[in-house]
Amino acid sequence: MELRKPFFCSWAFPFVVVFVQVTNGFYLPGSYMHTYSNKDPILAKVNSLTSIETELPFSYYSLPYCPPVGGIKKSAENLGELLMGDQIDNSPYRFRMNVNETVYLCTASPLNEHEVKLLKQRTRDLYQVNMILDNLPVMRFTNQNGVKIQWTGFPVGYTPPDGGADYIINHLKFTVLVHEYEGSGVQIVGTGEEGLGVISESDKKKASGYEIVGFQVVPCSIKYDPEVMAKHKMYDTLSPINCPTELEKYQVIREQERISFTYEVEFVKSNIRWPSRWDAYLKMEGSRVHWFSILNSLMVISFLAGIVFVIFLRTVRRDLTRYEELDKETQAQMNEELSGWKLVVGDVFREPYCSKLLCVMVGDGVQILGMGGVTIVFAALGFMSPASRGMLLTGMILLYLILGIAAGYVSVRVWRTIKGTAEGWRSISWLAACFFPGIAFIILTVLNFILWSSNSTGAIPISLYFELFFLWFCISVPLTLIGGFMGTKAQPIEYPVRTNQIPREIPARKYPSWLLVLGAGTLPFGTLFIELFFILSSIWLGRFYYVFGFLLVVLLLLIIVCAEVSVVLTYMHLCVEDWQWWWKAFFASGSVALYVFLYSINYLVFDLQSLSGPVSATLYLGYSLLMAIAIMLSTGTIGFLMSFYFVHYLFSSVKID
């Protein structure tokens, strides 16, 4: 029995699992298992054409392929799929379970100049056709220098090394791996695009049949006689076809050519079980290097940060212990000869410049950090299935909207602490609700105009713009205002010392303090740069990323290192009588975003050499800039809050009149 539920059920299913007592076991993650009987029809779908050279997705039917019977019908897509540029349509490719056959599809009309130009351009830009069968993307294998390489999708066409004519892929040899399911009565809970589904004991006979556990393809280019092929009707059975090896027998792309499309399918029984069918896609190449590199980075960064922090704690504790052991007369005499951080006792809590902006950035940082942290935890526990396209991005957006209440609360709480009054909390809440979304809106709008001009499916439709605006205005903004109101009612944070009316002059330094602040970002960057490489490869090279357990460990270590770095930098500034620590504490850890952006440029130059054209580079840099801003706000917030707690604790631990 298949149950269709709204999207929120995908989030509720862990609680369902807890209360279902009749199960013998459950599978997490994955989509609801679909079993087929012999000769049952199986329909394949097509997703957007993609390329690692341009990063501009296009509709499958933007090229002169065979249309499906009954016309093109789009599949229902969630918010994440739309934002990622996915456009899933039905296709003319249809199979029958366990029926091996070679099938004729259609013979296209003679190619015109525009179609030839488009096919040649898509072929030379290395565009891939992405097909889906039973929620599995099609996979192909190639051999390069004796190494077997796995790809998802197959190319639009083929261009020989001499760069002469271009040839279209018009024959596909599919291999569908199936596993016979006996209906053991094991209850299966899934979270795929089909929604929440349960197979119970009473349904085991109904569920018996064959499961699809693999979908592979070998693409070919074959020159047919269009006059002979046109006599066939769609889905007529043909005799088996062998893929040619000579270029003369390939189907060339040129004007007035009539291209015939065919395919063949072979069903092969496999020992792969349905819960393990995604293992082939999630297997990361070079896993040993990946694991050992991350482990090495974690150990080195933890060791260095631990040494710095231990030395720092011993130094502060020694200062406090020596001071507290003195009698009152000696303390009074010592107060006249104070040096270092004790001299700024009357200025350390003086209001920083641009305090309103600081409060807003800290609030937005809490919102982004909460969104990222909860998403990574859920993904590490297996709740974000790769079978559910767009679920990760959809979940992140929903979490961001809900955590507006945290942004409003923290922003107003910090504002009330700095000002000593809650007056103006409404403007703080509104700014917190608009600051990062406004930046994201500006960047995405500029990039969207570029995508619109290229007729790419990656462009956000106007209707989706209004939907996002509606979600932000009706969910995030009210929650941010509610959080701000809660911040006005919270217990105020009182300073342990009074602030002098006249600010103390900061001694001149040989080098700018901001130089030290920018340099501090290298330590947090050392924590995440290896994982950043794999994330960028996943986004821009079309690879699956599913090692969220490592990412969770990196996130935890990053939080610790950001906190330690900011505290150490704050203490160093106070020791040289620099009481303007607020913004420096924020950017001591937030400066890691600068190195992330520079690393993104380095990745573009040296690892994305195939990326061609100013449009693709602009898209890459735009998305990288948005990512860097989000990282700056979240890591800067960690450093600021930890430094504030440290300064408050430090000056409340010593009595200075």
Side-chain angles (χ1 to χ4, degrees), residues 44 46 49-54 58 60-67 91-93 101-131 138-145 148-175 215-232 234-266 610 612:
V46 287
L49 306 174
T50 56
S51 168
I52 62 173
E53 287 212 350
T54 66
F58 290 98
Y60 173 82
Y61 292 107
S62 63
L63 297 180
Y65 287 126
C66 300
S91 79
Y93 295 92
E101 55 186 348
T102 303
V103 179
Y104 167 79
L105 275 183
C106 74
T107 298
S109 302
L111 296 178
N112 56 40
E113 181 182 356
H114 172 71
E115 291 172 334
V116 169
K117 181 179 179 182
L118 202 58
L119 279 171
K120 285 179 172 287
Q121 183 179 354
R122 298 289 184 265
T123 299
R124 302 208 169 197
D125 286 341
L126 303 182
Y127 269 86
Q128 303 284 314
V129 179
N130 300 291
M131 295 186 66
V138 70
M139 180 192 301
R140 68 184 174 96
F141 298 94
T142 59
N143 286 310
Q144 293 185 4
N145 300 324
K148 190 176 183 180
I149 300 178
Q150 170 185 311
W151 303 85
T152 53
F154 58 89
V156 169
Y158 168 71
T159 302
D162 59 11
D166 299 298
Y167 304 91
I168 190 172
I169 299 297
N170 62 337
H171 179 72
L172 302 172
K173 303 183 71 170
F174 294 108
T175 301
F215 185 34
Q216 301 171 5
V217 67
V218 176
C220 307
S221 180
I222 303 176
K223 182 174 179 58
Y224 294 109
D225 185 345
E227 300 298 330
V228 175
M229 299 300 291
K231 296 178 182 179
H232 294 286
M234 181 176 276
Y235 302 122
D236 279 355
T237 302
L238 305 175
S239 57
I241 299 173
N242 295 320
C243 293
T245 56
E246 301 84 6
L247 284 178
E248 295 77 16
K249 297 181 180 181
Y250 284 14
Q251 177 59 62
V252 69
I253 301 174
R254 62 188 172 199
E255 288 188 50
Q256 300 306 313
E257 281 286 326
R258 297 187 66 191
I259 302 174
S260 298
F261 292 90
T262 57
Y263 70 90
E264 60 183 284
V265 57
E266 179 185 7
S610 60
S612 59

*Verdict with reasoning, F58 to L63, per side chain to side chain contact (heavy atoms under 4.5 Å, CB included)*: CA-CA 9 Å; F58 290 98; L63 297 180; over 6 Å; no
*Test log, rule side chain to side chain contact (heavy atoms under 4.5 Å, CB included), inputs E264 and K173*: CA-CA 5 Å; E264 60 183 284; K173 303 183 71 170; 3.5 Å; yes
_Please determine whether side chain to side chain contact (heavy atoms under 4.5 Å, CB included) holds for the pair I241 and H171, giving the CA-CA distance in whole Å, both sets of side-chain angles, and the decisive distance to 0.1 Å._
CA-CA 9 Å; I241 299 173; H171 179 72; 4.0 Å; yes
_Stepwise side chain to side chain contact (heavy atoms under 4.5 Å, CB included) check, L111 with I259_ = CA-CA 8 Å; L111 296 178; I259 302 174; 3.6 Å; yes
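Of all heavy-atom pairs between E115 and P64, the closest is OE2-CB, 3.9 Å. T107 approaches S260 most closely through the heavy-atom pair OG1-OG, 2.9 Å. A pairwise comparison of heavy atoms in A165 and V252 identifies CB-CG2, 3.7 Å as the closest pair. The two residues Q128 and N130 come nearest to each other via the heavy atoms O-ND2, 3.6 Å. Heavy-atom minimum distance, A230 versus Y104: CA-OH, 4.1 Å. What you find for Q251 and I222 is that their closest heavy atoms are CB-O, 3.5 Å.
Of the possible polar contacts, one joining the S91 side chain to the A44 backbone as a donor-acceptor pair under 3.5 Å is found. A donor-acceptor contact shorter than 3.5 Å links the side chain of N112 to the backbone of H114. Between the side chain of S221 and the backbone N or O of Y167 there is no donor-acceptor pair closer than 3.5 Å. Without hydrogens or angle criteria, Y235 side chain to P92 main chain gives a donor-acceptor distance under 3.5 Å.
The structure places CG of D236 at 13.5 Å from NZ of K231, a figure rounded to the nearest 0.5 Å. Atom CG of residue N170 and atom CG of residue L105 lie 10.5 Å apart, to the nearest 0.5 angstrom. Taken from OH in Y250 to SG in C243, the straight-line distance is 8.0 Å, to the nearest 0.5 Å. Atom CG in L126 sits 8.0 Å away from atom OG1 in T159 (nearest 0.5 Å). For the atom pair R254 CZ and K120 NZ, the distance stands at 9.5 Å (nearest 0.5 Å). With values rounded to the nearest 0.5 angstrom, Y127 atom OH is found 9.5 Å from L118 atom CG.
Using bins of under 30°, 30° to 60° and over 60° for the plane-to-plane angle, the ring pair Y65/Y60 lands in the parallel bin. Note: F215 and F174 have parallel aromatic rings, judged against thresholds of 30 and 60 degrees for the angle between ring planes.
A cation-pi arrangement, defined by a distance under 6.0 Å to the six-membered ring centre and an angle within 45 degrees of its axis, is absent between R140 and F154.
Judged purely by distance below 3.5 Å, without hydrogens or angles, the side chains of Y224 and T262 pair a donor atom with an acceptor atom.
Between T152 and V138 there is no side-chain heavy-atom pair separated by less than 4.5 Å. For the pair R122 and D166, the minimum side-chain heavy-atom distance is 4.5 Å or more.
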